[in-house]
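Reviewing the structure listed below.
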Protein chains: 2
Amino acid sequence: MSVPDSRFDQLISALKEHNFRLTPQRVELVRLIAVSEGHPSASQLHAKIKRKFPTMSHATVYKTLSLLKEINQVLEIDLRDDSHYDGNRPDPHPHLICVNCNKIIDGELLIDQQSIQRMEQESGYKILRPQISFYGLCPDCKEEN
Amino acid sequence: MSVPDSRFDQLISALKEHNFRLTPQRVELVRLIAVSEGHPSASQLHAKIKRKFPTMSHATVYKTLSLLKEINQVLEIDLRDDSHYDGNRPDPHPHLICVNCNKIIDGELLIDQQSIQRMEQESGYKILRPQISFYGLCPDCKEEN
DNA sequence: AATATAATCAATAATGATTATCAATAAAGA
DNA sequence: TCTTTATTGATAATCATTATTGATTATATT
């Protein structure tokens, strides 16, 4: 009870809370997300899940990721050719994205909650999902110049 | 001299500085960007520029926008189906994007330069272009629930 | 001016991630 | 077990963006 749930359990609970059905495909995708390191793309997740569910289609992966995104359990990292997902840290945080090799890592940046509230008040928007991307050069690609 | 250049002049100067040629098509696109209000998409800019240059192709618009993006004169706002551009405020600032009607407005958020430098040091990345998007509901769409 | 070189343009086709459709299937609760 | 209805999966469609290529234009050099 006082022990924090595993990431897997958190995700499953979130799906239940929102009355989404727990299909085997979903459970497996959630498992993959929970154990994933880094920031896999939809295609990469699809490739992995096909080992257990050879008939799994792209559309299903996309739909499940959309669900999880909507209930704020995964962050989407919009790249031009290929969205990636962060399933281990649902809290808003920035990503550093290499414009040369596309490597993505988590960034640490204190996001002032008060500033966000002020922005909501001034704009009248209800903010649902922050997406903070810093495009630049990773250490390796920085040297290649 | 002490009077700040117009946005148009700034953009033209930036292109010159980087030794990009000033073709009539580019000058016109820059003009459209300088006078644009809001956050036009590549298609919208293309539609406008076709009035003066009926043969202008999409590719040329994209290439010119890419140039301007690289020299940090326009911010790209990556939406899934359709990138939009902010050509009037090249300084990093957030955008509020309605997930329902796609309306985009500028946000005001003080981005602590020190935090960014710290993030660069910790990660080893060289940050070139921040992109900060807050997805949510605009005032109109907020009510429709 | 004339020529050589390089940049840019425009038209077309190709790419490829994402989404729509819809019949078949299966989860969840009675 | 039965019923309801969300979900799945196969297929095809969409559509922004990019690649390609040959023609055109600007720039530099003589």
Side-chain angles (χ1 to χ4, degrees), chain A residues 11-30 32 39-71 74 76-85 97 99-100 102 104 131 135, chain B residues 12 15-30 39-71 74 76-85 97 99-100 102 104 131 135:
Chain A
L11 288 162
I12 294 292
S13 299
L15 283 172
K16 277 188 191 163
E17 272 172 34
H18 291 268
N19 291 318
F20 294 124
R21 292 186 185 168
L22 289 178
T23 65
Q25 291 94 330
R26 279 188 183 164
V27 173
E28 174 63 5
L29 185 57
V30 159
L32 287 172
H39 308 83
S41 67
S43 294
Q44 289 169 336
L45 289 168
H46 179 246
K48 280 191 187 171
I49 204 168
K50 283 198 92 172
R51 295 175 195 163
K52 217 169 244 176
F53 295 92
T55 63
M56 188 87 165
S57 79
H58 278 277
T60 304
V61 173
Y62 278 107
K63 266 178 281 186
T64 304
L65 287 171
S66 281
L67 288 186
L68 292 170
K69 188 177 68 173
E70 270 166 32
I71 63 179
V74 304
E76 183 172 10
I77 305 163
D78 273 312
L79 301 192
R80 167 61 41 227
D81 355 328
D82 181 294
S83 271
H84 287 243
Y85 297 86
I97 304 163
V99 296
N100 189 234
N102 292 323
I104 303 171
Q131 183 176 298
Y135 291 94
Chain B
I12 295 291
L15 284 173
K16 277 187 192 163
E17 272 172 32
H18 290 268
N19 291 318
F20 293 125
R21 291 189 185 164
L22 290 180
T23 64
Q25 290 93 331
R26 280 189 182 161
V27 173
E28 174 64 5
L29 185 57
V30 159
H39 306 84
S41 66
S43 292
Q44 289 168 338
L45 289 167
H46 178 247
K48 280 192 188 171
I49 204 169
K50 282 197 92 172
R51 294 176 197 161
K52 216 168 246 179
F53 294 92
T55 63
M56 187 89 163
S57 78
H58 279 276
T60 304
V61 173
Y62 278 108
K63 268 178 281 187
T64 303
L65 287 170
S66 282
L67 289 185
L68 293 169
K69 188 177 69 174
E70 270 166 35
I71 62 178
V74 304
E76 182 172 11
I77 306 163
D78 272 312
L79 300 193
R80 167 61 40 229
D81 355 329
D82 189 303
S83 271
H84 287 243
Y85 297 85
I97 303 163
V99 297
N100 190 234
N102 293 323
I104 304 172
Q131 182 177 300
Y135 290 93

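Lettering of chains follows the sequences in order, A, B, ..., and the numbering in each one begins at 1.
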(message) Of all nucleotides in DNA chain D that come within under 4.0 Å of a heavy atom of chain A, which is furthest toward the 5' end and which toward the 3' end?
(response) D:dT5 to D:dT17
(message) My understanding is that only residues two or more places apart in sequence, or in another chain, count here; which of them pass ring-ring contact (aromatic ring centres under 6.0 Å, His included) with B:His18?
(response) none
(request) Tell me which residues in residues 58-68 of chain A put a heavy atom below 4.0 Å from DNA chain C, sorted by number, or none. (result) A:Ala59, A:Tyr62
(message) Checking B:Lys16 now: which residues fulfil side chain to side chain contact (heavy atoms under 4.5 Å, CB included) with it, not counting sequence neighbours?
(response) B:Ile12, B:Leu22
(request) Tell me, please, which residues at least two apart from B:Lys52 pass salt bridge (charged side-chain N to carboxylate O under 4.0 Å, His left out). (result) B:Glu28
(request) Could you pull out all residues at least two apart from A:Ser41 that satisfy side chain to side chain contact (heavy atoms under 4.5 Å, CB included)? (result) A:Ser43, A:Gln44, A:Asp82, A:His84
(request) Using the test side chain to side chain donor-acceptor pair (under 3.5 Å), find all partners of B:Ser83 that sit at least two apart in sequence or belong to another chain. (result) A:Arg80, B:Glu76, B:Asp78
(request) With sequence neighbours left out, write down each residue that passes side chain to side chain contact (heavy atoms under 4.5 Å, CB included) with A:Val99, or none if nothing qualifies. (result) A:Tyr135, A:Leu137, B:Leu128, B:Arg129
(request) Can you tell me the distance, in whole Å, between the CZ atom of B:Phe53 and the P atom of C:dC9? (result) 10 Å
(request) For A:Ser83, report the nucleic acid contact type (base, sugar-phosphate, nothing); a contact means any heavy atom under 4.0 Å. (result) sugar-phosphate
(request) Return the 5'-most residue of the pair B:Asp81, B:Arg26 with respect to DNA chain C, ranking by each residue's nearest nucleotide. (result) B:Arg26
(request) Please name all residues satisfying side chain to side chain contact (heavy atoms under 4.5 Å, CB included) with A:Lys63, sequence neighbours left out, ordered by chain then number. (result) A:Ala59
(message) I need the residues from residues 15-25 of chain A with at least one non-hydrogen atom less than 4.0 Å from DNA chain D; give them sorted by number, or say none.
(response) A:Phe20, A:Arg21, A:Thr23, A:Gln25
(message) Could you work out how much the helix from C:dA1-D:dT30 to C:dA30-D:dT1 bends, comparing the axis of its first five pairs with that of its last five, to 10°?
(response) 50°
